[in-house]
Amino acid sequence: MHIDTATFESVRTPIYHYDIQLLRKTLAALDAARHGEANIHYHYAVKANARPELLRIISGAGLGADCVSGGEVSAAIAAGFPREEISFAGVGKADWEIDLALRERIGCFNVESLPELEVINERAAALGMTAPVCLRINPDVDAHTHEKITTGRSENKFGIPVEDTVEAVRIAAGMANVRYRGLHFHIGSNVLNMDEFIPLCGRINELQRLLEAEGLPTAEIINVGGGLGVSYEEPDAYPVPDFDGYVDVYRQHLELRPGQQLYFEPGRSVVAQCGTLISRVLYVKPVRRRNFLILDAGFTELIRPAFYNAYHKIENLSSKEAEETYDVVGPICESSDVFQTDVRLPGGHRGDFIALRTAGAYGETMASGYNLRPLPDAILS
Ligand code: LLP
């Protein structure tokens, strides 16, 4: 992390800081993991961080975009992602969003249900167009991650049930205003054990054999979603995720057909480590045997600890005093506005700069204006 606290002296906190050098290094490692194989495509999951400056760097590195709303499709186009490398997923696409994506001629809709497929076919017909689609299949594979970020089990709302795959492909392939392009999967997020992706590969292999046996068209695209995790505990030891190991699992276990394109949708692994939420200590408040370190940042800027019990490493950038134990909390009028309890930190004072690390993914994009707080700004360096 390249942070000089002097950068923040004159700015209002809380504010996000993005380390552009680290982002570029991460993108280079991601590219290297392709081993130059032209059938491997990365579609960055815009939901992780949609700051326009970052999107431009990511599109400039040759990635496509995975979007989940009309707003994200527009942001991706504005940031220079090639339209044919933009996909649009999401369980509830509104008609206006479908029309927008059709008019913009994006590369692929990731369709999550048969009723949605029918609506896309109808909207495309009304516009005199053909909609390119992948079918998002819920593979019923458990990613063994946090229950709120697991997506590929049959009880989750995402995708077409795996047992309906044959019927769905038959319907899609027969529709007049739909061009069937392939299959899409995503089992969950922040997965650190690469072996968790092996059952997904097995499921895809089974499905490909089943579809072939039924005489259905071979998928042009196999999209395996995102999900690669990062080290929240040791951001300095692991600034760049193990993209090589990640892509290799699929190389080894997925049986691609000749000419098949393999899409990945990394979000967190691209942007998490380059982002830090910078905050100032407002007050140090001793209450009985507790010491509250009250920050000017709260869950309005970083909701992950309150929402998922997520751990973000906390550092005092201003103090070199002996360590004390603190409950680090925000200013929001909610008891859940706690970043972490019982943290050992150098003695803190009003005005100290506090860093909340690994906040580049699902930090700024999940910010809210609750309590009429302004949305956070950012500094890139
Ligand atoms: N593709 C699909 C279809 C997804 O649903 C997601 C994330 C991704 C790709 C990107 O996954 P990633 O590489 O970032 O794991 N707000 C939560 C994470 C929600 C993830 C939702 N889907 C968090 O802060 O942990």
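Remember, predicted model here, so these are calculated numbers, not experimental data. First listed ligand is number 1; within each ligand, the first listed atom is number 1.
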Colleague: Give the atoms of ligand 1, by number and element, whose distance to some non-hydrogen atom of G267 is under 4.0 Å.
Modeller: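 Reading through ligand 1 atom by atom, the close ones are 12 (P), 13 (O), 14 (O).
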Colleague: Considering both backbone and side-chain atoms of S269, is one of its nitrogen or oxygen atoms within less than 3.5 Å of a nitrogen or oxygen in ligand 1?
Modeller: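 By distance alone, the answer is no.
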Colleague: Please state whether the rings of Y246 and Y250 are parallel, tilted or perpendicular, taking 30° and 60° as the class boundaries.
Modeller: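 Ring orientation, 0 to 90° scale: perpendicular.
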Colleague: Quick one: which ligand 1 atoms are inside 4.0 Å of a heavy atom on M366?
Modeller: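 Every atom of ligand 1 under 4.0 Å from some heavy atom of M366: 16 (N).
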Colleague: Mark up the atoms of ligand 1 that fall under 4.0 Å of a heavy atom belonging to R268, in ascending order.
Modeller: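 Once the distances to R268 are compared, the set is 12 (P), 13 (O), 14 (O), 18 (C), 23 (C), 25 (O).
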Colleague: Between R290 and D342, is there a side-chain N and carboxylate O pair less than 4.0 Å apart?
Modeller: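 Salt bridge between R290 and D342, a charged N being under 4.0 Å from a carboxylate O: yes.
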Colleague: Distance-only, no hydrogens or angles: does the E301 side chain make a donor-acceptor pair with backbone N or O of G298 under 3.5 Å?
Modeller: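 Pair found, side chain donor or acceptor close to backbone of G298.
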Colleague: Could you tell me whether D66 approaches ligand 1 through its side chain, its backbone, both or neither, with non-hydrogen atoms closer than 4.0 Å?
Modeller: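 Within the 4.0 Å criterion, D66 contacts ligand 1 through side-chain atoms alone.
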Colleague: Check this for me, if you would: do R209 and E255 make a salt bridge, where the nitrogen-to-carboxylate-oxygen distance has to be below 4.0 angstrom?
Modeller: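 Answer for the salt bridge query: yes.
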Colleague: For ligand 1, is there an N or O atom under 3.5 Å from any N or O atom of R304?
Modeller: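 The answer is yes, given that R304 and ligand 1 share an N or O pair closer than 3.5 Å.
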Colleague: If you take the nearest heavy atom of each of Y308, F158, F307, which one is closest to atom 17 (C) of ligand 1?
Modeller: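 Nearest option to atom 17 (C) of ligand 1, by heavy atoms: Y308.
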Colleague: Quick one: which ligand 1 atoms are inside 4.0 Å of a heavy atom on H184?
Modeller: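 This gives 3 (C) as the contact atoms.
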Colleague: Counting only heavy atoms, which portion of E265 has something under 4.0 Å from ligand 1: side chain, backbone, both, or neither?
Modeller: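 Both backbone and side chain.
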Colleague: Quick one: does G227 get a heavy atom under 4.0 Å from ligand 1?
Modeller: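 Yes, that is the case, since the closest heavy atom of the residue is under 4.0 Å from the ligand.
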Colleague: Hey, is E315 close enough to R357 for a salt bridge, meaning N to O under 4.0 Å?
Modeller: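 Judged by the 4.0 Å cut-off on N to carboxylate O distance, E315 and R357 do form a salt bridge.
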Colleague: Does NZ or CZ of K93 come closer than 6.0 Å to the centre of the six-membered ring of F109, within 45° of the ring's axis?
Modeller: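 Because its charged atom misses either the 6.0 Å distance or the 45° angle limit, K93 does not stack over F109.
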Colleague: Is a donor on one side and an acceptor on the other found under 3.5 Å between the side chain of R34 and the backbone of I40?
Modeller: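 Side chain of R34 to backbone of I40: a pair is present.
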Colleague: Quick test of your reading of the model: are D296 and R280 salt-bridged, counting only N-O distances below 4.0 Å?
Modeller: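 Answer for the salt bridge query: no.
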Colleague: Closest by any non-hydrogen atom to atom 6 (C) of ligand 1: pick that one out of R136, K47, E112.
Modeller: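 Looking at heavy atoms only, K47 sits closest to atom 6 (C) of ligand 1.
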Colleague: Provide the number and element of each atom of ligand 1 under 4.0 Å from a heavy atom of P266.
Modeller: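 That gives atoms 13 (O) of ligand 1.
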